[in-house]
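What follows is a set of notes on a single structure, which appears directly below.
Order of the sequence lines fixes the chain letters, A, B, ..., with proteins taken first and strands second; residue numbering starts at 1 for each chain.
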Number of protein chains: 2
Amino acid sequence: MSRSYGQYCGLARTLDVVGDRWNLLIVRELLIAPARYRELLDGLPGVATNLLTDRLRDLETAGVIERRLAEESNAIVYALTPWGAELREPIEALIRWSTPLMMRGPGGDRFRAEWLVVALRALLAGRPHVRRSSTIGIAVDGQLLQVRATRSGIEVSLHDGRALDAVVRADASIILGLAAGGLILDEHVEVEGDEAAVRAVLNQD
Amino acid sequence: MSRSYGQYCGLARTLDVVGDRWNLLIVRELLIAPARYRELLDGLPGVATNLLTDRLRDLETAGVIERRLAEESNAIVYALTPWGAELREPIEALIRWSTPLMMRGPGGDRFRAEWLVVALRALLAGRPHVRRSSTIGIAVDGQLLQVRATRSGIEVSLHDGRALDAVVRADASIILGLAAGGLILDEHVEVEGDEAAVRAVLNQD
DNA sequence: CTGCATCCATTTTGATACTG
DNA sequence: CAGTATCAAAATGGATGCAG
């Protein structure tokens, strides 16, 4: 754990807990789903193994994450505590703030479709609720995500096999632009199925 | 600027810009008000002068802050750009997340009443709006803040001399507990003036 | 294999002294 | 006041080792 700021300020105390390098990205991975050590390594390209171990211990000590023994196997699984899961809100706000940075496209950066699960939820939350439920697929980077919009809100996840009203295929930056509301559904986007469902889910009616 | 995470993910790109040590605390100071170099040093106890200079340059290059020449004097003043000011939302979310950490009290940490201007706004935002406008003073650590609640929302600032319906005097941790809704206005709090106004502003009717 | 621990070169930080 | 310069200590990234 790095040095404390020594300030009686909420922001400083939060950063004392999650401000160290990699910490919030670990939380991002666990917001997608609980994960094993190896899955975290894969989802955090560039992290050194000793650092990941250190950070997991720091976050556990702080009460942000917990180790669980997966049923059946005796493997360790890392998961967010209830308090840790509340980091979703600040993380979503940080993701919304990044929109101008993301519009520049990926450049040479690595990309994982799972990251979009967190980002799409962040960008679509707080949009007006739809009148009629729809589920659309997002085909990106060879993977398929699903976004289900109902009267009570939005759910984003990896595709679980359910029926889809439509499938949108586009680059990640285009998907993000659509979700952020800065792009209009037109070119660079391939839609199969019910285009009205896509417009409804993205609130582009 | 520290090494990029190299991930095409909104959180990672945000942290590439504001994730370095001290960066978000600098933004916090500028959310209170534009400030000169010396004021920033005072508001960031513990920062080294070379680091502050580096960070200010990084944030300026990234477009988060800008240097202005103060009118009348030819002094440099640092201020948030419009995009930088949008960091208020993620910072407020991080402050709300810190509530359990702040309830432990200041311990040996340093405290500045100005920090409460950001924190109180974060904690009171999103509360139901009051029916009748009131302005109350918060006397803490020898300084006086003011919180004005109107039908259109909440404003928090240092006291500007306006008439106050009441003045609350308490320790910072008590003030935060009241604003977070986890404490009830009773002991440890000294109220002069219209106690109903205090309850109205804190939504403790 | 997984889940670390150890070692080491490189960066970053913090503290202080100094300058225009 | 607004920074620079210097330097020791700490953190990081990368490679490798190793037990269950």
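- Atom CG of A:Leu44 is separated from atom P of D:dG13 by 11 Å (rounded to the nearest Å).
- Counting heavy atoms from C-beta outward, A:Arg55 and A:Asp20 have side chains that approach closer than 4.5 Å.
- A:His159 meets the side-chain contact (heavy atoms from CB on, under 4.5 Å) test with A:Leu144, A:Gln146, A:Leu164; sequence neighbours excluded.
- Within the structure, every side-chain polar atom (N or O) of B:Arg38 is placed at least 4.0 Å from both OP1 and OP2 of D:dA2.
- Remark: C1' of C:dC4 and CD of A:Glu60 are 14 Å apart, rounded to the nearest angstrom.
- Under a cut-off of 6.0 angstrom, the local environment of CD in A:Glu60 is crowded, with over 12 non-hydrogen atoms contributed by other residues, nucleotides or ligands.
- Nucleotide D:dC1 holds its P atom 14 Å from the CG atom of B:Leu52, rounded to whole Å.
- B:Glu39 has its CD atom 10 Å from the P atom of D:dC1, to the nearest Å.
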Report, as a single string ordered 5' to 3', how protein heavy atoms within less than 4.0 Å touch nucleotides 7-20 of chain C: B base, S sugar-phosphate only, - not at all.
B----SSBBBB---

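- Annotation: side chain to side chain donor-acceptor pair (under 3.5 Å) contacts of A:Thr135 (sequence neighbours excluded): A:Arg148.
- Rounded to 10 degrees, the angle separating the terminal helix axes of the helix from C:dC1-D:dG20 to C:dG20-D:dC1, each built from five base pairs, is 30°.
- In this model, a donor atom of one side chain and an acceptor atom of the other lie less than 3.5 Å apart for A:Thr53 and A:Tyr37.
- A:Asp109 meets the side-chain contact (heavy atoms from CB on, under 4.5 Å) test with B:Tyr8, B:Arg13; sequence neighbours excluded.
- Distances shown here put a side-chain N or O of B:Tyr78 below 4.0 Å from the OP1 or OP2 atom of D:dG3.
- A cation-pi arrangement is present between B:Arg21 and A:Tyr5, with the terminal nitrogen or guanidinium carbon under 6.0 Å from the aromatic centre and inside a 45° cone about the axis.
- For the pair A:Asn23 CG and D:dA11 C1', the interatomic distance rounds to 13 Å; values are reported in whole Å.
- The side chain of A:Ile76 lies closest to C:dG3, out of D:dC1, C:dG3, D:dG3.
- Among the atoms of the strands shown, none is found under 4.0 Å from any heavy atom of B:Leu41.
- Rounded to an integer number of Å, the gap from B:Leu15 CG to D:dT12 P is 14 Å.
- Counting to the nearest Å, the P atom of D:dC1 and the CG atom of B:Leu69 are 17 Å from each other.
- The CD1 atom of A:Ile26 sits 14 Å away from the C1' atom of D:dT12 (whole-angstrom rounding).
- Checked for salt-bridge contact, A:Glu192 and A:Arg169 meet the test: a charged N lies under 4.0 Å from a carboxylate O.
- Not counting sequence neighbours, the partners of A:Arg121 by the side-chain contact (heavy atoms from CB on, under 4.5 Å) test are A:Arg88, A:Glu92, A:Val156.
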